[in-house]
Amino acid sequence: MSGVMLPLFMASGLAGAALAVVSPWRVLRDALALIIPALGTVAGIWLFATTAQHGTIAHSVGLFTGGVAIPFAADALSAVMIVAASIVAFASNWFALVVGETRARFYPALTLMLLGGVYGALLTADLFNLFVFIEVMLLPSYGLITMTGSWSRLAGGRMFVLVNLLTSTVLLIGVSIVYGVIGTVNLAALAGAAKGNGPLTVAMGLVVLALSVKSGLFPVHTWLPRTYPGTSAAVMGLFSGLHTKVAVYALYRIYVVVFDLDQRWAWTIIIFCVVSMLVGSFAGLAEHAMRRIIAYQMVTGMPYIVVMLAFSADDPTRAVAAGIVYMVHHMITVGSLVLTAGAIEETYGTDLLSRLDGLARRDPLVAAVFAMGAFSIVGFPPFSGLWGKVLVVTEIARAGDWHAWLVIAVIIVASFGALLSMIRLWREVFWGGNVQLPDGLYVPLTKLAPGAALIVVSVGMFIAGGALIDAAMTAASGLLDVSGYQHAILGDVNAAIGVVK
């Protein structure tokens, strides 16, 4: 695959959205909602094979000089994220189709526009265009939040809009200051520039702050469980796999390229991550609805990914690979949990714990799929969560000092908290039989299938653990090959003389 093909990822989503808007045929709109992410999955696999063999590939729009043009770049990490995001988007749109949400004419178009923004954010090599593509993601998200879900979507939508407008403003201010201080926002030209440059560090700190809010890290995490569950399950599945993970991906890219894995910030990362783990894992115990509990599992998962940046001094490839494995696992598993809970909600008209009971006897297949998702999120075999947590703990333990053991202890406690949340949900919803539910009402297989398909992917990731880890190592190596990233984007001359120091 040539670098000139990279903009087509973003263009495919936007073109699909445009076609869905003008099409009078619902069947075509529904087909586009599935075909675009399916093609994205296939193209992402092809992109991974290409970048694994040839390293970073890039394209300067308009064939302008590197450092001046709008740059698109892809390495193996970009490809892995495209594949995972496309799989979650396909399952979420599949669920929306089954439950009838695509009856709203603009629903498929909004989801495809969102996906186009995701592809652009994963492939851009420019901070300003990262901001632009995040806005492309957010604009359809505002529509999706207000058009689907319960009445609580109105309050949740207001919170979502306010938080994201504020963080986008902070992100734009940070990018503007970076340009004012350095004269460029090209990531390749900024390689290693934050070390020893106080003004740039402050400016990049604003960018990192905005991305941390968007990813739902403590102490700015509460907006996420207050907004996502108010939407429909299909939209929550989309948001869980796309919005927060794009922010975490950007944090990885910036910390590796611009900060050069500067370990002076390790303690700051550790402090925020360990508190996020504890808050997210135990806060779910106070919630009263299935998807609200799952939303806190999203909050819990983010620090497992980000904390690996603080333990990348000795063997950065293995540490980053552990974070990548956990990120992909979390996208798939949380997507499955959300869509399975959504199947229950769509069938019984509620996901409140107090109004559901005894589903393990009524719907044993639904109970089995949900239990598998819960086992995966906690880290039990035979699901992808086992490899995610084992790799994270192993790479943290490699540091061998007391703060590594502190983080491991917090991971154990947080995992116990997540287990308690899942046990409480299981006890209230699937055990017992005190709540009288309508006779003859069962979750149809068609509604269960999208969540079940994602948990099959999780099992496949466990079975193919060796291949999964190899792919993550390749992705980590691609991310850490900053010189190859510079060369692909800036070219020979610019890579030699155009890099900010």
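None of these values were measured; they are calculated from a predicted model. Counting from 1, the numbers follow the sequence of the chain as shown.
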Does the side-chain hydrogen bond (donor to acceptor under 3.5 Å, both in side chains) test come out yes or no for K214 and S168, once each step is laid out? CA-CA 9 Å; K214 290 179 181 294; S168 294; 3.3 Å; yes

Can you confirm whether or not the ring centre of F462 sits under 6.0 Å from the ring centre of F383? no

Does the ring centre of F311 sit less than 6.0 Å away from the ring centre of H403? yes

Is a side-chain donor or acceptor of T167 paired with a backbone partner of N164 at a separation under 3.5 angstrom? yes

Within residues 447-474 or reaching into it, pairs that qualify as side-chain hydrogen bond (donor to acceptor under 3.5 Å, both in side chains) - sequence neighbours excluded: S376-S458, S384-S458

Ring centres of F160 and F239 under 6.0 Å apart? yes

Is it true that the side chains of D363 and Y348 contain a donor and an acceptor less than 3.5 Å apart? yes

Begin from the C-alpha positions of Y252 and I305 and carry the test side-chain contact (heavy atoms from CB on, under 4.5 Å) through to its verdict. CA-CA 9 Å; Y252 262 57; I305 304 165; 3.7 Å; yes

Does R291 make a cation-pi contact with Y228 (under 6.0 Å, within 45 degrees of the axis)? no

Residue pairs passing the side-chain hydrogen bond (donor to acceptor under 3.5 Å, both in side chains) test where at least one lies in residues 77-89, sequence neighbours excluded: D75-S78, S78-Y249, S78-R253, S86-Y119

Checking the side chain of S92 only, and the main-chain atoms of V88 only, is there a donor and an acceptor separated by less than 3.5 Å? yes

Kindly give the heavy-atom pair with the smallest separation between S215 and V248, and that separation in Å. CB-CG2, 3.7 Å

Using modelled atom types and a 3.5 Å cut-off, is there a donor and acceptor pairing between side-chain atoms of R105 and backbone atoms of V21? yes

Could you verify whether a donor N or O on one side chain and an acceptor N or O on the other, from E101 and S232, lie under 3.5 Å apart? yes

N/O donor-acceptor pair under 3.5 Å between T231 side chain and T227 backbone: no

